[in-house]
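Values below: all heavy atoms of this structure, side chains included; hydrogens, waters and symmetry mates excluded.
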Amino acid sequence: MRSAVPHLAAIFVLGACAWLAQWQVERADEKREIIERWNNRSPSALEALEQPFDLPQPVAGVGILDDDRQLLIDNRIRNRRMGVQVLTPLQLDDGRIFLVNRGWAPWPSRSAELPDPSVSEPVIEFRGVLNNPPGTGMQLGKAEIPHGRDWPVLATYFDHEALVELYGMVLQPAVIQLDPEHADHLTGDPWQVVTFGPDRHIGYAITWTSIALVVAAIWLVLTIRQLQRKHR
């Protein structure tokens with residue numbers, strides 16, 4: 001039984017590496033699909049879109065920006081400077097509310113006043129991309145969102161369930177990434193389609209495949225030596 005342990009361990013490692021390599025290849029395919037959809041889809045009228053949204057989706061439309069009730073997503077870094085992402089509610093004619101990600105604003109210290117940038121005018125024509133909310137790391141429980149209704153509200157991440165308590169059931173679970181050329185975009189920085197592209201996933205897949213090959217080679221050599229010792 002003891003002699004079988006190395007073989008079982010080798011089989012387990014090979015299986016795990018094969019699964020991880022395949023998973024990375026699938027993730028690369030997903031990223032390619034997202035990038036292709038981002039590049040090739042024409043803007044849709046936001047008013048015409050219904051849940052579930054097919055994200056990411058270029059959109060355009062007209063709405064009312066309410067800079068009196070802005071949401072700030074904490075711990076966002078730009079050029080090594082601390083700050084927040086500013087999400088401003090946009091109300092459509094049908095009553096639905098989408099949060100518009102206007103980009104980054106500086107917040108250098110906790111003792112400084114929270115940024116609360118105004119908009120150029122309440123009623124705007126906009127273009128952008130309807131996308132998933134700003135990403136974050138590990139989420140433990142609900143986002144920390146104060147309920148004193150003092151605006152702007154600082155949140156650790158986008159938690160739709162918690163934000164409904166602030167904006168009502170009309171709040172939609174997707175966010176509009178405002179066109180960087182729009183006057184109300186705060187920095188003009190282009191949006192990233194994905195955090196990192198398919199090439200990195202393929203690189204990870206190659207790494208896991210290489211590990212599997214090394215383990216297989218070691219296993220083969222040790223197995224041959226073990227058989228040779230038995231036949232002496």
Side-chain angles (χ1 to χ4, degrees), residues 24 27-28 30-32 34-39 41 43 55-60 63 65-90 98-122 124-140 143-146 150-160 162-163 166 173-204 207:
Q24 290 294 337
R27 289 288 291 150
E30 290 173 6
K31 293 291 181 68
R32 290 193 189 96
I34 290 172
I35 293 171
E36 182 178 355
R37 190 159 62 230
W38 177 286
N39 291 332
R41 295 176 71 172
L55 306 177
Q57 170 63 59
V59 292
L65 277 177
D66 182 6
D67 58 7
D68 290 330
R69 298 195 300 158
Q70 298 194 113
L71 176 71
L72 308 179
I73 303 297
D74 200 1
N75 298 318
R76 303 291 153 162
I77 299 175
R78 177 178 182 266
N79 295 335
R80 301 181 182 178
R81 297 173 62 199
M82 291 298 299
V84 295
Q85 282 192 335
V86 179
L87 276 64
T88 305
L90 175 101
F98 289 84
L99 289 178
V100 177
N101 193 337
R102 298 168 57 201
W104 181 89
W107 190 37
S109 71
R110 298 285 158 172
S111 60
E113 184 178 356
L114 282 170
D116 193 17
S118 61
V119 298
S120 57
E121 53 183 308
I124 66 163
E125 292 186 10
F126 63 88
R127 293 174 66 92
V129 176
L130 189 65
N131 211 340
N132 293 303
T136 187
M138 184 179 296
Q139 302 176 1
L140 300 176
E144 298 175 9
I145 298 177
D150 291 329
W151 300 95
V153 166
L154 183 68
T156 52
Y157 59 88
F158 187 105
D159 185 330
H160 181 257
L163 292 173
L166 292 179
V175 167
I176 300 170
Q177 295 173 324
L178 189 63
D179 188 334
E181 297 184 1
H182 194 281
D184 288 314
H185 195 285
L186 299 175
T187 63
D189 294 339
W191 297 104
Q192 283 187 302
V193 183
V194 291
T195 304
F196 50 83
D199 290 345
R200 184 179 296 188
H201 288 289
I202 294 300
Y204 289 152
T207 298

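Atom CH2 of W191 and atom CG of N131 lie 9.5 Å apart (nearest 0.5 Å). The distance from atom CD of E36 to atom CD1 of I34, rounded to the nearest 0.5 Å, is 11.5 Å. A distance of 5.5 Å separates CG in L154 from CG in L114, rounded to the nearest 0.5 Å.
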Q. When you look at D68 and W151, which way does the side-chain contact (heavy atoms from CB on, under 4.5 Å) test go after all the steps?
A. CA-CA 7 Å; D68 290 330; W151 300 95; over 6 Å; no
Q: Evaluate the side-chain hydrogen bond (donor to acceptor under 3.5 Å, both in side chains) criterion for residues D184 and S120: first the C-alpha distance (whole Å), next the side-chain angles of each, then the deciding distance (0.1 Å), finally the verdict.
A: CA-CA 6 Å; D184 288 314; S120 57; 3.1 Å; yes
(Q) Set out, in order, the CA-CA distance, both residues' side-chain angles and the distance that settles side-chain contact (heavy atoms from CB on, under 4.5 Å) for V119 and I124, then state yes or no. (A) CA-CA 9 Å; V119 298; I124 66 163; 5.9 Å; no
Q: Would you sort out whether L99 and L163 count as a side-chain contact (heavy atoms from CB on, under 4.5 Å), showing the intermediate values?
A: CA-CA 10 Å; L99 289 178; L163 292 173; 4.2 Å; yes
Q: Using the side-chain contact (heavy atoms from CB on, under 4.5 Å) rule, take L130 and F98 through it: C-alpha gap first, then chi angles, then the decisive distance, then the call.
A: CA-CA 9 Å; L130 189 65; F98 289 84; 3.8 Å; yes
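Checked against salt bridge (Lys or Arg N to Asp or Glu O under 4.0 Å), R69 has the following partners two or more places apart in sequence or in another chain: D66. Every residue was checked against the salt bridge (Lys or Arg N to Asp or Glu O under 4.0 Å) condition with D67, not counting sequence neighbours, and none meets it. For P58, the side-chain contact (heavy atoms from CB on, under 4.5 Å) partners are R41, P43, not counting sequence neighbours. Shown here are the side-chain contact (heavy atoms from CB on, under 4.5 Å) partners of P117, two or more places apart in sequence or in another chain: Q70, V86, R102, P115, L186. Residues satisfying the salt bridge (Lys or Arg N to Asp or Glu O under 4.0 Å) test with E30, not counting sequence neighbours, are R27. Here H182 pairs with nothing under the ring pair (Phe, Tyr, Trp, His ring centres under 6.0 Å) rule; sequence neighbours left out.
In this structure, the side chains of F158 and N132 stay at 4.5 Å or more apart for every pair of heavy atoms. Proximity of V84 to P152: side-chain heavy atoms (C-beta onward) are nowhere separated by under 4.5 Å. Annotation: side chain of N75 is in contact with side chain of M82 (closest heavy-atom distance under 4.5 Å). Using a 4.5 Å heavy-atom cutoff, the side chains of Y157 and P134 are not in contact. Taking 4.5 Å as the limit, every side-chain heavy atom of K31 sits out of range of all side-chain heavy atoms of I202. I176 places a side-chain heavy atom less than 4.5 Å from the side chain of L90. With contacts defined as side-chain heavy-atom distances shorter than 4.5 Å, the pair L65/V100 qualifies.
Annotation for P133 and V175: closest pair CA-CG2, 3.9 Å, computed over non-hydrogen atoms.
Defined by atom type and a distance below 3.5 Å, a donor-acceptor pair is present between the side-chain atoms of N101 and Q85.
For an aromatic pair to be called close, the ring centres must be under 6.0 Å apart, and W104 with H185 fails this.
Panel note: side chain W107, backbone A112; a donor-acceptor pair is recorded below 3.5 Å.
Below 30°, between 30° and 60°, or above 60°: for H201 and Y204 the angle between ring planes is above 60°, a perpendicular geometry.
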